[in-house]
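Just so you know, these numbers use all the heavy atoms, side chains as well, and skip hydrogens, waters and symmetry mates. All chains are named by letter (A, B, ...) in the order of the sequence lines, taking the proteins before the strands, and each is independently numbered beginning at 1.
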Amino acid sequence: MSNTNKTFAARCYDLLLQIPNGKITTYAAIATALNSKAYRAVGSAMAKNEQLINIPCHRVVKSNGCVGNYRLGTEEKIKILQKEGIMIKNGKIINFSRYLYSFN
DNA sequence: CCGGTGACTAGTC
DNA sequence: GGACTAGCCACCG
C-alpha cells in the first residue's frame, strides 16, 4: 500500500472529516481504517489536535462504548455529543453500535 | 538509537 | 462491572 507521506495524525484527521453529524467512531476503527493497530497513536493524535474547531475529534469514542477522553475534558465531549443527538448515560453511549460510522 | 508516554484495547479476577 | 495487567503503536527528547 502506498501510504501518504503525512503523519499518522494527519491521516486520522482526514478520516475524522468523513464522519457525518450525529455519527461516531472508535479509536480502534480509525486505526483499522489506516490499516494499523495503533489505537494508542490515534488517541495521541487527538490529544495533539490543535484544530479542535475544524476536526470533530469529539466523535471518537472507546470500543466499549465509553465516551473516552477529550482535550477540553470528558464533560465537554459529552455535552457536544449530546448536542449532536447522541444519548449518553454515565459516560456510556446509549445504542452505541447504532451510531457507529464505517469508513470505506 | 532507545526509553518513556498516552484522548486505547482485550483479557483476567 | 470495577480494578489490574499486558500488548499495542506513533511521537518526542
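Looking at A/K77, its side chain does come within 3.5 Å of a backbone N or O of A/V60 through a donor-acceptor pair. No donor-acceptor pair closer than 3.5 Å links the side chain of A/R59 to the backbone N or O of A/T25.
Across all their heavy atoms, A/R71 and A/E50 have their closest contact at NH2-OE2, 3.9 Å. Here the closest heavy-atom approach between residue A/A31 and residue A/Y39 is recorded as CB-N, 3.9 Å. The heavy-atom pair separating A/C12 from A/M46 by the smallest distance is CB-CE, 3.9 Å.
Residues A/I19 and A/Y13 share a hydrophobic cluster, clusters being chains of Ile/Leu/Val/Met/Phe/Trp/Tyr side chains in contact below 4.5 Å. A single hydrophobic cluster is not seen to contain both A/L16 and A/L52; linkage of ILVMFWY side chains at heavy-atom distances under 4.5 Å, directly or through other members, places them apart. In the hydrophobic cluster analysis, where Ile, Leu, Val, Met, Phe, Trp and Tyr join through side-chain heavy atoms closer than 4.5 angstrom, A/I80 is grouped apart from A/I88. A continuous path of ILVMFWY side-chain contacts below 4.5 Å connects A/L15 to A/F8, so both sit in one hydrophobic cluster.
Taking a heavy-atom distance under 4.0 Å as the criterion, the stretch of DNA chain C touched by chain A extends 5' to 3' from C/dG7 to C/dC11.
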With a 3.5 Å cut-off and sequence neighbours excluded, list the donor-acceptor pairs that the side chains of residues 93-104 of chain A form with protein atoms.
none

Output a table of donor-acceptor pairs, distance under 3.5 Å, between side-chain atoms of residues 61-70 of chain A and any protein atom two or more places apart or on a different chain; print 'none' if there are none.
from: A/N64; atom 1: OD1; to: A/C66; atom 2: N; distance (Å): 3.3

| query | What one-letter contact string describes nucleotides 6-13 of chain B from 5' to 3', where B marks a base within less than 4.0 Å of any protein heavy atom, S marks contact via sugar-phosphate atoms alone, and - marks no contact? | reply | BBBSS---

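Within residues 94-103 of chain A, no residue has any heavy atom closer than 4.0 Å to DNA chain C.
Helical stems in DNA chain B, defined as runs of 3 or more consecutive Watson-Crick or G-U wobble pairs with donor-acceptor distances under 3.5 Å: B:2-6 with C:9-13, B:8-13 with C:2-7.
Atom NZ of A/K79 has 12 or fewer heavy atoms from other residues, nucleotides or ligands within 6.0 Å.
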